[in-house]
Protein chains: 2
Amino acid sequence: MARGSETRTKILDVAQAAILTKGFDATSIDEIVAAAEITKSGFFYHFRDKNALAHALIERHIEIEDKLFDALFDRARELGDDPLQTMLIGLKLLAELLDMPGGHPGCIVATAAYQDRLFDRKVRDANARAVLGWRRRFRSMLEAIAQVYPMQDDVDLNHLADMVSAVIEGGLIMSRALGESSITSQQVLLMRSYLKILFSPGIQ
Amino acid sequence: MARGSETRTKILDVAQAAILTKGFDATSIDEIVAAAEITKSGFFYHFRDKNALAHALIERHIEIEDKLFDALFDRARELGDDPLQTMLIGLKLLAELLDMPGGHPGCIVATAAYQDRLFDRKVRDANARAVLGWRRRFRSMLEAIAQVYPMQDDVDLNHLADMVSAVIEGGLIMSRALGESSITSQQVLLMRSYLKILFSPGIQ
DNA sequence: TCAATACTGAACCGGAGGTACAGTACCGCA
DNA sequence: TGCGGTACTGTACCTCCGGTTCAGTATTGA
């Protein structure tokens, strides 16, 4: 039991690292196998095919990220005593988290989104679920804010929730394209600025 | 002359369509060759390898998109008589453009960004140039606005310029992941809302 | 009509995903 | 102590794809 799941975890770890830097296709099974110090047969014992690996990777990613976000915004709630403050603090914490040396590795979800046909329905569904999870999370926080503060501009809360994800995903793409690792966290801080002035009452 | 460039264009056209829906790797040369109604040798007559195709695709994409943006913001300048209005109108026109039935196909630049190691330096450089081009474009527009209007929140204009690109790229990812084609244009409209209240003087 | 341009056709290679299956090391349990 | 399941290893093999090579050929402008 323990032995098997250890190997499985090791495969997922090395696969994730490789895929995020090189892309899904560019990462060969032989390569993963070598890095995980197992054989090809060992790989196919744990995963039926490369698609199953992608699926497991996304599922795990969702889970880990969800816990991380939970912890981060729980911490923000501790520090702030009002929905808007909590959100602003949370985004600042998130920006700090994303501003790591070497840059955040990237997002598995985005990788999957741009290599659509490579994956089967299960992978795409898992991907969509992840994005909807983000939407729900931020949406509920925004609703709490909107109940207390008037909006300076009438915008849809679902769209606004999506914007948090969008600037992160977009930021990751741009930071990859330019090799500027700080872009993603800068974009999160701009999202924070938008929410700040969107919900700031009256004059600045 | 005309004959050769026609074939080349046809190759680029079918390749672009396939790559945007399936990803770069998932699109085989054999497939492109079949769709373009030529032979494999014909393909390699025009492009040294798949990398050369990617490079040509990105170069062409930059050129076309640049002209499209030029035209769009020229039109916006005709309609608005002040830098902020021009920007807001431009973003609205952009949102309308992105809100096409079936959804915008996606961005070649993002495709390349997430399949980094697959491409050589020339492709990555072209990709970075495209992103920097967007930054310069939006940066100059924002500077003109900032000279006339005070900012409600002190943010960096480069970052703000990048945010326009980021919400588009992020929006495209999300719309692909969820199959909701309208997301990208919604995100552009939110960016518009941000700029509107960021540069709106005093009370709403 | 000649030579460059723009291809076709066919054969071939290496690497990647994937299959099949026999053998084996470990490990808890009766 | 041994039995059986779990977790692999090793080997051999198949197909498809990107890419190469090269000889041959149709089209076309000077």
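Scope of the values below: all heavy atoms of this structure, side chains included, with no hydrogens, waters or symmetry mates. Reminder, nothing fancy here: chain letters follow the sequence lines and each chain counts from 1. Predicted, not measured: the structure shown is a model, and the values here were computed from it.
- Atom CZ in Phe44(A) sits roughly 18 Å away from atom P in dT11(D) (whole-Å rounding).
- Rounding to whole angstrom units, NZ of residue Lys50(A) and C1' of dT19(C) are separated by 17 Å.
- In this structure, the side chain of Glu31(B) engages the main chain of Ser28(B) through a donor-acceptor pair within 3.5 Å.
- Rounded to an integer number of Å, the gap from Leu53(B) CG to dC17(D) P is 17 Å.
- More than 12 heavy atoms of other residues, nucleotides or ligands shown are found within 6.0 angstrom of CD on Glu143(A).
- Using bins of under 30°, 30° to 60° and over 60° for the plane-to-plane angle, the ring pair Phe73(A)/Phe138(A) lands in the perpendicular bin.
- The CG atom of Asp49(B) sits 12 Å away from the P atom of dT21(D) (whole-angstrom rounding).
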Check against side chain to side chain contact (heavy atoms under 4.5 Å, CB included), Arg8(A) and Phe47(A): CA-CA 9 Å; Arg8(A) 204 187 129 93; Phe47(A) 302 99; 3.5 Å; yes
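- Salt bridge present: Arg75(B) and Glu78(B) bring a charged side-chain N and a carboxylate O closer than 4.0 Å.
- At the heavy-atom level, Ser41(B) lies under 4.0 Å from base atoms of the strands shown.
- Within the 4.0 Å cut-off from OP1 or OP2 of dC7(C), not a single side-chain nitrogen or oxygen of Tyr45(B) is found.
- Within residues 31-40 of chain A, the residues having any heavy atom closer than 4.0 Å to DNA chain D are, in order of number, Ile38(A), Thr39(A).
- For the pair Arg48(A) CZ and dG18(C) P, the computed distance is 10 Å after rounding to whole Å.
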Taking it one step at a time, do Leu160(A) and Tyr194(A) satisfy side chain to side chain contact (heavy atoms under 4.5 Å, CB included)? CA-CA 10 Å; Leu160(A) 199 57; Tyr194(A) 179 30; 3.5 Å; yes
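- Rounded to a whole Å, the CD1 atom of Ile29(A) is 5 Å from the P atom of dG18(C).
- The CZ-P distance, from Phe43(B) to dC7(C), rounds to 13 Å in whole Å.
- Phe47(A) places its CZ atom 15 Å from the P atom of dT19(C), with the value rounded to the nearest Å.
- Distances shorter than 4.0 Å separate none of the side-chain N or O atoms of His46(A) from OP1 or OP2 on dA7(D).
- In summary, Asp70(B) and Lys67(B) do not engage in a salt bridge, as defined by a charged side-chain N under 4.0 Å from a carboxylate O.
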